[in-house]
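A, B, ... follow the sequence lines: proteins, then strands. Residue 1 opens every chain.
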Amino acid sequence: MNILTLQPYLLALADDQMILSHRNSEWIGHAPILEEDIALANMAQDELGHATLFYNLYCALTGDDPDALVFLREADAFRHVQMVEYPCGDWAFTMLRQYLFDAAEMTLLARLTESAYTPLAETAVKMRNEELYHYRHTSAWLKRLGLGTEESHRRTQTALDTLWPLAQQLFVPLPGEEELVQAGVIPSSAQWKAAWLDVVRPFLTTCSLTIPADDTPPATNRAAHSEHLAPLLADLQKVARLEPNAEW
Amino acid sequence: MPNGERGMMDEKTIWAALADVVDPEIPVVSLVEMGIVREVLVGETAVTVTITPTFSGCPALHVMKQDIITRLQALGCPTVIVETTLHPPWSSDWISNEGRRKLKAFGLAPPQRHGGNVVVTFFDPVPCPYCDSLNTTVKNEFGPTLCRAIHYCNDCQQPFEQFKPL
C-alpha cells in the first residue's frame with residue numbers, strides 16, 4: 001500500500017477539528033456563565049491542537065504548509081463534515097454537537113492507537129486522554145439538558161433532530177478506505193460507526209432523548225458544504241488574507 | 001570561550017543548564033522537573049534537545065523552544081536544535097517530586113499519579129495546596145490554561161488551581 005492513500009483521511013480529520021474549534025471559539029465572551037466560557041475556550045484550544053497534529057501528519061505526506069491550508073484555502077477545498085460548520089445555535093445545539101463529536105473522536109482514537117502507520121498511532125495515543133476530559137464535560141451537560149426542564153429538553157431534542165443526520169456524514173467512507181483498512185492503517189467506517197452507536201444510543205436514551213429515524217447524511221462527498229461555510233471562512237481567514245505574505 | 005572547548009560540552013552540563021529553563025506558564029518549575037525535556041544529544045557540530053508537549057494544544061511550546069536555544073547558546077553551544085516528539089506521550093506522572101513540591105508552593109495542586117489510566121483520578125478528592133484539606137470541590141474541570149482545573153477549599157475557603165492529571 002502507498003501511504004499517500006492516507007492523504008484524504010488525514011485532511012478530513014484535521015479539517016473537522018479545525019472548523020469545530022473555530023465554531024467553539026465563537027462562544028468566548030458569550031457563554032452563559034464564566035466557567036463555561038473558560039471550558040469552551042479550553043475545548044476549542046484542544047481541538048486546535050489536535051487539528052495541528054493532524055495537519056502536520058498530512059503535510060508530512062504532501063509538503064504543504066499547514067498555515068496556508070487553513071488561512072488561504074478556498075471553501076470547496078475543505079474536507080470537514082457539514083455538522084461542524086453549522087452556526088453555534090443555542091447552548092443545547094453547541095453541547096450536543098460537541099458531545100456527538102467527542103464520542104466519535106474517542107471511539108476513533110481508541111482504534112487509531114492500533115494503526116499500522118506509526119505516526120498516526122502515536123498521535124492518537126497523545127490525544128486520547130485529553131479527549132476524556134471533553135467527553136466527561138459534554139456528557140454531564142447532556143444529562144442536565146435532557147433531564148432538566150421542559151424547555152431544556154425541548155431544545156436538546158430539536159438539536160438532536162438536526163444533528164443526528166448531520167453526524168452520520170462522519171462515517172461515510174473516504175476514497176482509499178478499503179486499501180487502508182486492509183493494511184491495518186485505519187478502522188473501517190462501519191466498524192467505527194458501530195462503536196459510536198454503542199456509546200451514544202444508550203446514553204442519549206438515558207438523557208430522555210429520542211433518536212430520530214432519519215439518518216441520511218447531508219452529503220456523501222466532503223467537498224459539498226452548506227451555506228454556513230463561506231461566512232465562517234471569511235471570519236477565520238480575514239486577517240491572513242489581508243497580507244498573505246506577512247511574517248508573524 | 002575558545003572554539004576548542006565547545007566540543008567538550010558534555011550532556012551533564014547541558015542538563016544542568018536546562019534546569020534553569022522554566023515553564024513559561026508556571027515559572028517556578030523547570031522544563032526538566034516537568035518531564036518535558038526527554039533527551040539531550042551532544043553531536044560534533046550541534047546539541048539536539050528533544051522535548052514533548054504536555055497538552056497537544058499547548059501554546060507555550062514555541063516559547064519553550066526559544067528559551068532552550070537562548071539558554072544553551074549562552075552556555076556556549078553554537079548550534080542548538082530543538083526537536084519535538086509525541087511518543088511516548090507526556091504524562092503528568094513524569095513531574096518530579098521536586099517539581100510537585102514547587103507546584104504546591106506556587107498554589108497549584110499537583111496532579112495525582114495514575115500509572116497511565118487518567119480516569120482513576122476522576123474520583124479522587126484533590127487536596128488543597130494551602131491547608132491540605134480534602135474537603136474541596138471542583139469548580140471547573142477547565143481553567144486558565146489547558147493544563148489546569150479550578151477547585152475550591154471548603155475549609156480554608158480558598159479557590160485554587162490544580163495541574164490536571166494527563
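To the nearest 0.5 Å, atom CD1 of residue B:Ile150 and atom CG of residue A:Leu34 are 7.5 Å apart.
Of the two parts of B:Lys139, only the backbone, made up of N, CA, C and O, holds a non-hydrogen atom closer than 4.5 Å to a non-hydrogen atom of chain A. With a 4.5 Å cut-off on non-hydrogen atoms, B:Ser92 does not touch chain A at all. For B:Thr145, the part lying near chain A is the backbone, with the side chain staying farther off; criterion is any non-hydrogen pair under 4.5 Å. For B:Pro88, no part sits under 4.5 Å from any heavy atom of chain A, backbone or side chain.
Looking at B:Leu166 and A:Glu130, their side chains come closer than 4.5 Å, going by heavy atoms from C-beta outward. For the pair B:Trp90/A:Lys126, a side-chain contact is recorded, criterion being any heavy-atom separation below 4.5 Å from C-beta on.
The nearest pair of heavy atoms linking B:Ser56 to A:Leu53 is CB-CD1, 3.5 Å. Scanning all heavy atoms of the two residues, the minimum distance from B:Asn140 to A:Ala39 falls at OD1-CB, 4.2 Å. Taking all atoms of both residues into account, the shortest heavy-atom contact from B:Gly143 to A:Asn42 is O-ND2, 2.8 Å. Across every non-hydrogen atom of B:Val118 and A:Tyr133, the tightest pair is CG2-OH, 4.0 Å.
In summary, of the residues considered (A:Glu35, A:His137, A:Glu36, A:Gln45), a side chain to side chain contact (heavy atoms under 4.5 Å, CB included) with B:Phe142 occurs for A:His137 alone. Only one option out of A:Thr123, A:Asn129, A:Val125 pairs with B:Pro89 in a side chain to side chain contact (heavy atoms under 4.5 Å, CB included); it is A:Val125.
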